[in-house]
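Working notes, beginning with the structure itself.
As the structure lists them, so they are numbered: ligands from 1, and atoms in each ligand from 1. Just so it is clear, the values below take in all heavy atoms, side chains as well, and ignore hydrogens, waters and symmetry mates.
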Amino acid sequence: MAKYGLLGRHIDYSFSRGFFNDKFAREQRSDVYVNLDFPHLEDFTSWFKNQNELQGFNVTIPYKETIMSYLDELDPIAAAIGAVNTVVIRSKDTTNQSIKGYNTDYLGFHQSLEHWGLSDLNKALVLGTGGAAKAVVYALQTKGFDILQLTRKAQKQDKLANASLDGSKHQLIAYDQLTVKDMQKYRLIVNCTPVGTFPSVDQAPELPYDALGPEHFLYDLIYNPEETEFLKRGREAGAKIKNGYQMLVLQALAAWELWQNSDV
Ligand code: NAP
């Protein structure tokens with residue numbers, strides 16, 4: 001029996017536990033997937049030493065960035081993104097374990113865009129600057145998108161303004177700096193904030209929704225509710241809409257592939 005899990009805080013709601021245990025039942029595997037609910041990560045190393053059956057785990061809020069300092073190796077893409085959501089344990093010998101971090105949020109988002117078919121788009125508005133936004137920005141950059149990213153925090157804008165001097169087509173601005181012209185130019189809009197998640201389902205990111213039309217594509221990483229207020233406003237304006245469920249499944253399957261491939 002192999003054990004897998006989700007490392008996070010307050011994760012009773014977890015999609016992953018149900019998804020993987022259903023998969024194991026369907027495939028008649030004796031494996032288990034458990035929630036690893038840590039109030040803080042300081043105890044991680046001593047706890048991990050005794051986890052003989054653990055083959056790998058996912059990482060969620062708030063540890064996608066802090067987990068990196070506990071790893072032996074980091075996949076170059078996860079390093080470039082600056083966030084890890086999947087960890088592979090490479091040895092079953094607990095005295096000689098090596099743990100490596102990956103980012104499958106990036107893979108899940110990237111693959112889900114292929115499914116959506118946005119071939120004529122090359123400009124995206126990304127809402128938020130957290131772990132998921134970093135993976136989304138990276139995926140969009142590999143697809144050649146120009147990115148305008150929105151944040152509530154002024155000091156973050158300064159940081160990225162310096163980075164964008166290197167010639168990358170990536171700008172970070174505050175919500176109130178966004179113009180209607182920007183809305184017309186950036187036709188793919190990706191919500192990487194938790195705004196609109198159950199139970200606060202009547203909330204939506206602060207955007208000039210009047211500027212939306214049938215030429216827009218609205219992608220919400222949130223999957224509960226199925227149609228957020230953000231997506232509803234897009235649909236009512238005639239835009240194409242997509243929620244985060246497919247990305248969620250694809251990132252989980254990508255994690256599974258990594259855990260099954262001992263050469264990674
Ligand atoms: P996170 O690290 O906490 O970051 C969320 C970001 O959203 C923050 O950095 C913040 O950016 C912005 N934000 C937070 N509260 C806000 C508010 N009240 N108003 C406006 N902006 C706010 O979370 P995350 O891991 O990136 O996840 C973000 C969302 O994506 C969550 O809903 C999560 O469930 C979802 N997600 C879905 C998938 C999937 O597979 N579908 C995968 C990963 C995440 P600023 O401070 O810069 O404004």
Please confirm whether [X] comes within less than 3.5 Å of ligand 1 when only nitrogen or oxygen atoms on both sides are compared.
| X | value |
| --- | --- |
| Ala132 | yes |
| Val195 | no |
| Gly131 | yes |
| Gly244 | yes |

At under 4.0 Å between heavy atoms, is it the side chain or the backbone of [X] that contacts ligand 1, or both, or neither?
| X | value |
| --- | --- |
| Thr193 | both |
| Lys153 | side chain |
| Thr151 | both |
| Thr129 | both |
| Ala135 | neither |

If hydrogens are left out, which of [options] has an atom nearest to [atom], that is, the closest non-hydrogen atom?
| atom | options | answer |
| --- | --- | --- |
| atom 14 (C) of ligand 1 | Arg152, Lys64, Gln251 | Arg152 |
| atom 9 (O) of ligand 1 | Pro194, Ala83, Gly130 | Gly130 |
| atom 35 (C) of ligand 1 | Leu221, Leu127, Val190, Thr197 | Leu221 |

Check whether any heavy atom of Gly108 sits under 4.0 Å from an atom of ligand 1.
-> no
When the ring centroid of Phe24 is compared with that of Trp256, is the distance short of 6.0 Å?
-> yes
Is the NZ or CZ atom of Arg17 positioned over Tyr33's six-membered ring, under 6.0 angstrom from the centre and within 45° of the axis?
-> no
Could you tell me which non-hydrogen atom of Gly56 sits nearest to which non-hydrogen atom of Trp259, and how far apart they are?
-> CA-NE1, 3.5 Å
